[in-house]
Amino acid sequence: MNKILLFAIALLTFATSALAGTTVQDADSAYSRRDFASALSGYRKALDSEGSSSDLYYNLGNTYYRLGNVGQAVLFYERALKVNPANEDAFANLEFVRSRIQGSPEDDTTFLGKMHQSIKADMTPDAWAWTAFMLFVLMCGAVALYLFTDRIILRKVGFFSALILLAVFVYVITVAYQTANAVDDDSYAIVTSPVTNLRSEPTTDAKDAKTVPLPAGSKVEIVDSLSTPKDTKVQMWYEVKINNNSRAWMNAADAERI
């Protein structure tokens with residue numbers, strides 16, 4: 001009886017996987033035919049049945065862009081990179097779409113900050129963890145060379161190599177930790193409405209708050225939220241950080257968390 005039950009479960013699992021694979025293939029075919037509405041429906045069904053993946057998010061980003069929905073395109077490219085920071089296609093398409101958004105705030109990240117972000121995107125969290133492990137092994141070898149050799153030149157090589165490897169090891173461990181935590185970080189959001197108004201105060205009364213338009217596809221960092229159930233226009237506000245310094249309030253319904 002148990003064998004029959006296990007066989008039935010395995011058969012159901014196989015059938016579900018096959019159906020999900022067929023759904024993706026059908027969506028790919030629809031995309032190739034430029035039937036983007038059908039492709040979107042197929043990818044969405046695959047997302048519900050198969051679960052998320054970097055490639056599926058990437059396909060959704062492409063499809064939304066073809067449908068003219070820039071906000072959703074950026075959102076799904078960002079989600080693809082959140083799952084796999086090394087997805088070069090998603091990164092390239094994201095940069096392309098962002099370059100076409102008019103009125104988006106300029107990125108004021110420092111040169112070193114941009115370089116750090118670029119380095120983090122080179123590999124997956126697991127790859128960074130393995131890199132850290134290899135650096136640790138090399139560092140142990142350099143320490144052993146310093147401790148167990150009698151030649152002065154080799155002791156110097158071992159000593160300075162160990163110092164350099166220690167610095168690189170600490171940095172790589174930091175990158176691995178940040179990329180691993182980024183998967184669960186939901187503090188960033190993408191504006192998905194055609195345009196949203198940033199306000200100096202969480203109110204829809206134009207007399208009480210200055211407003212600045214922010215286009216679809218803009219990325220914001222959510223630092224706080226405020227529920228306003230009595231407000232008939234806005235039920236929830238996000239306090240967001242634009243770039244590294246500016247803060248404002250926006251309608252939470254106008255954005256989706258990455």
Can [Y] be reached from [X] by stepping across I, L, V, M, F, W or Y side chains whose heavy atoms are under 4.5 Å apart?
| X | Y | result |
| --- | --- | --- |
| Y58 | I258 | yes |
| L165 | F133 | no |
| V172 | V143 | no |
| V170 | L138 | yes |
| L166 | W128 | yes |

Indicate yes or no: at least one non-hydrogen side-chain atom of [X] is less than 4.5 angstrom from one of [Y].
| X | Y | answer |
| --- | --- | --- |
| F148 | L154 | no |
| I101 | V74 | yes |
| Q102 | P215 | no |
| L214 | V220 | yes |
| W130 | M123 | no |

Any side-chain donor paired with an acceptor under 3.5 Å for N197 and T211?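 Not at all, the side chains of N197 and T211 share no donor-acceptor pair under 3.5 Å.
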Are any side-chain N or O atoms of [X] and backbone N or O atoms of [Y], one a donor and one an acceptor, separated by less than 3.5 Å?
| X | Y | value |
| --- | --- | --- |
| T131 | A127 | yes |
| T149 | Y146 | no |
| S161 | G158 | no |
| T228 | V234 | yes |

Return the [atom1] to [atom2] distance between [X] and [Y], rounded to the nearest 0.5 Å.
| X | Y | atom1 | atom2 | value |
| --- | --- | --- | --- | --- |
| F91 | E78 | CZ | CD | 10.0 Å |
| I164 | L135 | CD1 | CG | 12.0 Å |
| L67 | N62 | CG | CG | 11.0 Å |
| N59 | Y64 | CG | OH | 13.0 Å |
| N84 | D55 | CG | CG | 8.0 Å |
| L75 | K82 | CG | NZ | 10.0 Å |

Option passing side-chain hydrogen bond (donor to acceptor under 3.5 Å, both in side chains) with Y43 (candidates D28, D48, D26, T23):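 Between Y43 and the candidates, side-chain hydrogen bond (donor to acceptor under 3.5 Å, both in side chains) is satisfied uniquely by D28.
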Residue Y171 excluded, over 12 heavy atoms near OH under 6.0 Å: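 Yes, OH of Y171 has more than 12 neighbouring heavy atoms, counting only those of other groups under 6.0 Å.
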Please say whether more than 12 non-hydrogen atoms of neighbouring residues, nucleotides or ligands are located less than 6.0 Å from CD in Q117.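 Yes, because the 6.0 Å sphere around CD of Q117 holds more than 12 heavy atoms from other groups.
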Considering non-hydrogen atoms only, spot the tightest contact between [X] and [Y] and give its length.
| X | Y | answer |
| --- | --- | --- |
| A162 | M139 | O-CG, 3.9 Å |
| S52 | L47 | CA-CD1, 3.7 Å |
| P85 | K120 | CB-O, 3.8 Å |
| T192 | Q72 | CG2-NE2, 3.8 Å |
| A129 | A176 | N-CB, 4.1 Å |
| L226 | P202 | CD2-CG, 3.7 Å |

Check the angle between the aromatic planes of Y57 and F76 and answer parallel, tilted or perpendicular using the 30° and 60° thresholds.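 Geometry flag for F76 against Y57: tilted rings.
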Using the ring of each side chain (for Trp, its six-membered ring), is F96 parallel, tilted or perpendicular to Y65, with breaks at 30° and 60°?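 Taking Y65 first and then F96, their aromatic rings stand perpendicular (interplane angle over 60°).
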Step by step, work out the side-chain contact (heavy atoms from CB on, under 4.5 Å) result for L60 and L40. CA-CA 7 Å; L60 280 163; L40 177 62; 3.7 Å; yes
Show your reasoning for whether side-chain contact (heavy atoms from CB on, under 4.5 Å) applies to L198 and V240. CA-CA 9 Å; L198 296 177; V240 298; 4.1 Å; yes
Chi angles and distances behind the side-chain contact (heavy atoms from CB on, under 4.5 Å) call for T124, T179: CA-CA 7 Å; T124 64; T179 52; over 6 Å; no
Y31/F36 under side-chain contact (heavy atoms from CB on, under 4.5 Å): CA gap, chis, key distance, verdict: CA-CA 5 Å; Y31 187 91; F36 302 120; 3.7 Å; yes
Among E239, K241, R257, the one residue meeting side chain to side chain contact (heavy atoms under 4.5 Å, CB included) with I222: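 The side chain to side chain contact (heavy atoms under 4.5 Å, CB included) with I222 is passed solely by R257 among E239, K241, R257.
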